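Just so you know, these numbers come straight off a predicted model, no measurement behind them. Note that ligands are numbered from 1 as they come in the structure, with each ligand's atoms numbered from 1 the same way.
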Amino acid sequence: MDTATIAAIATPPGVGGIGVVRISGTEAAEIASRIFRRSGRDRAVDLRNTESHRLLYGTVVDPASQASIDEVLLAWMAGPHTYTREDTVELSCHGGPVPLQETLRVALAAGARHAEPGEFTLRAFLNGRLDLTQAEAVLNVIGARTAESLRLAVSDLAGDLTRRLEPANTALISLLAYLDASADFPDDEIETADIPVGLQAAEEALEAVIAGSKAGMLYRDGARIALVGRPNVGKSSLLNALLRADRAIVTPVAGTTRDVIMETINLQGIPATLLDTAGIVESEDMVERIGVERSRNALRTAAAVVLVLDGSITPQSGDREIATALAERPVDERTPVVIAINKSDLDGHADQGPVTTLFSPADTVRISATTSMGLPELEQALVEALGGAVAQPALITGRQRAAVDRALVHIHDARDAHAAGIPQDLLATSVRAGLHAVGEVTGEHVDEAVLNEIFSRFCIGK
Ligand code: GDP
């Protein structure tokens with residue numbers, strides 16, 4: 001590991017109340033002493049002889065000219081009780097680009113090297129403070145879009161994913177110990193291990209993580225939900241009612257187009273982007289036809305569809321056409337449909353059977369976009385349709401998922417080899433490979449290219 005002392009601006013670009021320059025490494029105290037003067041004393045401080053985890057008030061100066069750069073608070077934190085486990089200094093400056101850049105400039109001039117993206121977290125990993133699941137959880141904490149996705153990410157930061165993989169790790173380690181011992185000392189009496197039971201324990205732990213991963217992705221990455229229905233059934237009213245019920249989430253996704261309106265809500269913790277389509281109706285009008293095309297695209301990218309009906313009148317031909325189009329989609333485009341029978345506040349309750357019977361089983365909820373009646377039930381139905389209603393969602397990355405899948409392949413190989421009575425040394429090879437794959441998730445076994453790829457996704461200063 002490169003042992004240079006590193007420095008970077010740790011807060012986002014732009015203007016804010018404060019901005020932080022972070023310095024980490026064996027020389028952090030000396031570098032900080034060169035550029036910091038304590039207020040009132042006008043002289044360098046000896047941080048090495050200053051109590052750790054204290055704040056000092058003073059000025060950053062340019063050591064070349066002694067000119068003052070900014071008035072700051074210096075946080076001195078001696079390792080190992082720091083983010084990187086190294087000696088760390090954080091300078092809280094005024095939150096503007098120039099004070100921060102100037103402070104960084106003098107820190108670099110005083111001997112620090114500019115940190116690479118994610119290098120502070122990389123050091124935390126290399127120094128054993130975080131395993132790889134925790135380091136990757138940092139990205140999910142920073143990128144969390146709802147309180148629920150934050151909760152999941154923070155529990156992984158505390159080691160939850162690693163704990164969930166632990167039964168697989170333990171089972172494979174003890175199987176391997178048994179297999180190796182019986183290969184090395186074939187004549188000794190070795191307590192036999194139940195190989196199928198051990199493999200099954202490992203398999204179950206890994207399957208449980210995979211089972212929660214679809215839901216985890218949903219909470220982290222969100223999902224699109226298309227609202228479809230013929231004109232005037234209340235799609236826009238429903239969109240607005242859902243926006244009122246759940247504070248809208250601000251997204252970087254482009255907002256309104258001519259015919260598909262997108263808004264993101266917090267759907268019981270899932271960042272759900274609602275697409276209000278123009279209605280799938282055949283049309284002679286060119287402009288409207290483009291709208292229809294966009295609606296179809298919206299439908300294709302959605303993870304669930306809400307078919308809105310006007311419950312106060314009997315289904316019209318437009319309703320039936322749209323419902324038929326939905327019900328007859330090719331199998332691979334058949335995202336789940338929830339039928340929202342709207343306007344239930346009105347007196348007339350017409351039979352919607354001609355439409356609902358096209359779907360089996362039909363997931364039907366009576367709502368009123370005007371009074372908000374039935375909206376919690378509609379939301380619950382959507383969470384279930386999306387696959388978010390699981391006990392233990394797991395936030396796993398593509399890399400982690402691939403490693404878990406590989407581990408399962410090796411476990412299945414081992415099980416088949418055992419069933420076929422194949423020699424135990426071959427069995428040991430599969431078990432060892434499975435263990436290695438689990439170790440790739442936690443970072444016990446990981447090569448530099450993978451680390452570079454992971455940490456390049458971090459911002460500078462993290
Ligand atoms: P869209 O064309 O499907 O987007 O339908 P709108 O949201 O524009 O609604 C069409 C009409 O139905 C408007 O006059 C709404 O006020 C009315 N409307 C929508 N939802 C309800 C509802 O739940 N109850 C009642 N009584 N009227 C509704």
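A heavy-atom distance below 4.5 Å is not found between the side chains of S312 and H349.
Applying the salt bridge (charged side-chain N to carboxylate O under 4.0 Å, His left out) test to every pair with at least one member in residues 208-220, sequence neighbours left out, gives no pairs at all. Applying the salt bridge (charged side-chain N to carboxylate O under 4.0 Å, His left out) test to every pair with at least one member in residues 431-458, sequence neighbours left out, gives these pairs: E136-R457, D180-R432, R406-E440, E453-R457.
Near ligand 1, heavy-atom contacts under 4.0 Å come from R230, P231, N232, V233, G234, K235, S236, S237, N342, K343, D345, L346, S368, A369, T370.
Remark: the T162 side chain and the T442 side chain contain no N/O donor-acceptor pair separated by less than 3.5 Å. The closest side-chain donor-acceptor pair between T371 and D345, if any, does not fall under 3.5 angstrom.
Every residue two or more places apart in sequence or in another chain that forms a ring pair (Phe, Tyr, Trp, His ring centres under 6.0 Å) with F458 is listed here: F455.
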